[in-house]
Amino acid sequence: MNIIEKTHCLIIGSGPAGYTAGIYASRAGMKPILYQGLEAGGQLMLTGEVENFPGYPAGVHGASMMQDLKTQAERFGTEIRIGHITATQLSDDKKYIQIDNEDKWIETDTLIIATGASAKWLGLPSEKLLRDAGGGVSSCAVCDGFFHRKKRVVVVGGGDTACEDASYLANICEKVYLLVRKEEMRASKIMQNRIKNKANVEILFNTSPEEVLGTEVVEGVRVINHATNETQILENISGFFVAIGHTPNSGIFKPFLTMDEQGYIITEKGTANTNVKGVFACGDVQDKNYRQAITAAASGCMAALDAERYLASKE
């Protein structure tokens with residue numbers, strides 16, 4: 001193992017959790033190093049206007065907000081690096097991080113994991129085109145539903161998340177179509193009953209989207225019924241919400257950290273502590289319930305404070 005340097009605090013991930021951890025760790029004199037990863041800025045880089053993050057009364061573009069957080073972290077001394085963590089060796093005594101699949105390892109006293117989670121997508125070319133263009137394709141109803149008030153939207157999925165998103169959107173939208181690929185939902189009974197009681201929600205079973213229609217913004221959705229093999233176009237649609245789950249970016253930590261069946265890192269209640277001393281997790285890699293920028297930032301603060309206390313106890 002070629003150890004190229006040692007540090008007190010290393011942060012993996014550059015979303016709201018990672019940058020906030022950097023701000024707090026820097027102010028505590030921990031001189032943190034932050035690796036941005038493959039997707040610098042995290043999921044918010046794919047988000048258009050953000051209107052629910054405190055401090056931006058007029059709203060802010062997701063990429064602009066992440067640049068603000070990065071600038072603030074750098075102002076206090078966080079060293080931000082371009083690079084990808086490809087392997088780890090973690091124990092209570094020693095923590096080693098490999099960079100870019102090369103024989104270059106960093107030894108760190110504390111590790112803050114803020115690698116986030118990636119939304120699962122359908123893989124439709126039209127879905128990606130309009131998602132990249134900020135044209136109304138989203139994986140977060142709470143984040144982006146506000147832009148579709150009193151309009152018609154489509155939600156794809158049959159689990160609890162899809163039902164929660166459809167229920168939330170039904171409160172602000174004129175009409176919600178819920179596309180369920182199978183003949184029944186896999187959501188809990190209580191969630192199914194809740195969504196079935198929404199008068200402006202239409203559930204289409206045995207139905208999948210074939211194409212999201214529109215060139216710059218979502219205008220409609222062509223769907224297919226698997227039972228009849230018939231297609232139809234849902235017209236005058238402004239939003240297309242994919243709610244088929246998220247995958248936490250936790251794979252390289254699996255040999256060392258305790259996780260749930262989905263791969264979310266388990267932290268000690270009320271803290272960012274993992275089962276390995278000196279290793280902390282924050283943001284969407286350990287949060288499958290809220291998945292909001294503000295909660296990610298808050299948990300990044302927790303991780304940095306917990307790391308500071310850990311170092312103090314070692315001294």
Side-chain angles (χ1 to χ4, degrees), residues 1-26 28-43 45 66 69-70 73-74 76-118 246-260 262-267 272-286 296 299-300 303-304 306-308 310-311 313-315:
M1 181 181 290
N2 178 28
I3 299 175
I4 59 173
E5 65 180 306
K6 296 182 181 180
T7 184
H8 287 307
C9 178
L10 192 143
I11 302 168
I12 309 175
S14 54
Y19 283 140
T20 303
I23 292 168
Y24 276 80
S26 297
M30 296 165 66
K31 299 179 179 179
I33 296 171
L34 184 152
Y35 275 89
Q36 291 183 315
L38 293 176
E39 297 180 358
Q43 293 187 70
M45 298 299 287
M66 296 318 302
L69 287 173
K70 177 185 177 184
E74 288 179 315
F76 291 114
T78 302
E79 182 179 344
I80 297 176
R81 299 179 180 177
I82 297 172
H84 181 46
I85 306 303
T86 47
T88 58
Q89 293 287 335
L90 306 178
S91 69
D92 289 346
D93 298 322
K94 299 288 184 179
K95 296 147 194 69
Y96 301 104
I97 306 302
Q98 184 191 46
I99 313 299
D100 292 328
N101 272 321
E102 300 178 6
D103 188 22
K104 296 179 180 180
W105 295 77
I106 298 177
E107 180 180 342
T108 182
D109 296 323
T110 60
L111 175 66
I112 296 177
I113 300 169
T115 48
S118 300
H246 288 72
T247 302
N249 302 318
S250 60
I252 62 173
F253 311 110
K254 283 185 177 180
F256 312 103
L257 301 184
T258 303
M259 304 179 186
D260 68 10
Q262 295 173 280
Y264 287 92
I265 297 173
I266 295 175
T267 54
N273 300 337
T274 69
N275 59 293
V276 176
K277 294 179 181 178
V279 178
F280 310 90
C282 55
D284 288 9
V285 75
Q286 56 84 47
S299 66
D306 287 341
E308 179 189 6
Y310 171 78
L311 287 177
S313 70
K314 295 285 284 184
E315 293 174 359

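For this chain, numbers begin at 1 and follow the sequence in order.
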### Query
Under the side chain to side chain contact (heavy atoms under 4.5 Å, CB included) criterion, do Asn273 and Phe280 qualify, and how do the steps go?
CA-CA 5 Å; Asn273 300 337; Phe280 310 90; 3.1 Å; yes

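- No donor-acceptor pair closer than 3.5 Å links the side chain of Thr110 to the backbone N or O of Gly278.
- Summarising the geometry of Gly18 relative to Leu34, their closest heavy-atom pair is O-CD1, 3.4 Å, with the distance given to 0.1 Å.
- Here CD1 of Ile113 is found 11.0 Å from OG1 of Thr267. Values are rounded to the nearest 0.5 Å.
- Evaluation of the salt bridge (Lys or Arg N to Asp or Glu O under 4.0 Å) rule for Lys94 yields Glu107 as partners, not counting sequence neighbours.
- For the side chain to side chain donor-acceptor pair (under 3.5 Å) test, no residue two or more places apart in sequence or in another chain qualifies with Ser91.
- For the pair Leu69 and Ile23, the tightest heavy-atom approach, listed with the atom from each and the gap, is O-CD1, 4.3 Å.
- Contact between Thr78 and Gly22 at its shortest, heavy atoms only, is OG1-O, 2.9 Å.
- Residues satisfying the side chain to side chain contact (heavy atoms under 4.5 Å, CB included) test with Ala25, not counting sequence neighbours, are Cys9, Met30, Pro32, Ala304.
- Between the CD1 atom in Ile112 and the CD1 atom in Ile33 there is a gap of 12.5 Å [rounded to 0.5 Å].
- Put simply, the side chain of Ile106 does not reach to within 4.5 Å of the side chain of Ile3, judged on heavy atoms.
- Smallest separation of non-hydrogen atoms from Pro248 and Ala117: CA-CB, 3.7 Å.
- Contact of the Val285 side chain with the Tyr264 side chain is not registered, since no non-hydrogen atoms from C-beta on lie closer than 4.5 Å.
- By the salt bridge (Lys or Arg N to Asp or Glu O under 4.0 Å) test, Asp306 pairs with Arg309, sequence neighbours left out.
- Under 3.5 Å, the side chains of Ser118 and Thr247 contain no donor-acceptor pair of N or O atoms.
- Nearest heavy-atom pair, Cys282 versus Ala17, reported as atom, atom and distance to 0.1 Å: SG-CB, 3.8 Å.
- A search for salt bridge (Lys or Arg N to Asp or Glu O under 4.0 Å) contacts involving Lys104 returns Glu102, not counting sequence neighbours.
- Remark: Asp100 pairs with no residue by the salt bridge (Lys or Arg N to Asp or Glu O under 4.0 Å) rule, at least two apart or across chains.
- In this view, Ser250 satisfies the side chain to side chain donor-acceptor pair (under 3.5 Å) rule with no residue, not counting sequence neighbours.
- By the side chain to side chain donor-acceptor pair (under 3.5 Å) test, Gln36 is found to be paired with Tyr19, residues two or more places apart in sequence or in another chain being considered.
- The side chain to side chain contact (heavy atoms under 4.5 Å, CB included) search around Thr258 returns Ile266, Asn275, not counting sequence neighbours.
- Looking only at side-chain heavy atoms (C-beta outward), His246 and Asp284 stay at 4.5 Å or farther from each other.
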### Task
Give the C-alpha distance, both sets of side-chain angles, the deciding distance and a yes or no for side chain to side chain contact (heavy atoms under 4.5 Å, CB included) between Val276 and Leu111.
CA-CA 10 Å; Val276 176; Leu111 175 66; over 6 Å; no

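- Legend: residues meeting side chain to side chain contact (heavy atoms under 4.5 Å, CB included) with Lys31, ordered by chain and number and at least two apart, are absent.
- Among residue pairs with one or both ends in residues 79-89, those qualifying as side chain to side chain donor-acceptor pair (under 3.5 Å) are Glu5-Arg81, Tyr35-Arg81, Glu79-Arg81, Thr86-Gln98; sequence neighbours excluded.
- Atoms CH2 and NZ, on Trp105 and Lys6 in that order, are 15.0 Å from each other to the nearest 0.5 Å.
- Annotation: side chain of Asp109 is not in contact with side chain of Lys314 (no heavy-atom distance under 4.5 Å).
- Taking 4.5 Å as the limit, some side-chain heavy atom of Phe253 sits within range of a side-chain heavy atom of Thr115.
- Here the OG1 atom belonging to Thr274 is positioned 5.0 Å from the CG atom belonging to Leu257, to the nearest 0.5 angstrom.
- Partners of Thr108 according to the side chain to side chain donor-acceptor pair (under 3.5 Å) rule, which considers only residues two or more places apart in sequence or in another chain, do not exist here.
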### Task
Please report the C-alpha distance between Glu308 and Tyr24 in whole Å, then the side-chain angles of each, then the deciding distance to 0.1 Å, and finally whether the side chain to side chain contact (heavy atoms under 4.5 Å, CB included) criterion is met.
CA-CA 9 Å; Glu308 179 189 6; Tyr24 276 80; over 6 Å; no

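- Ile265 approaches Ala281 most closely through the heavy-atom pair CG2-CB, 3.8 Å.
- If you take CD1 on Ile85 and CG on Asn249, they are separated by 13.5 Å, rounding to the nearest 0.5 Å.
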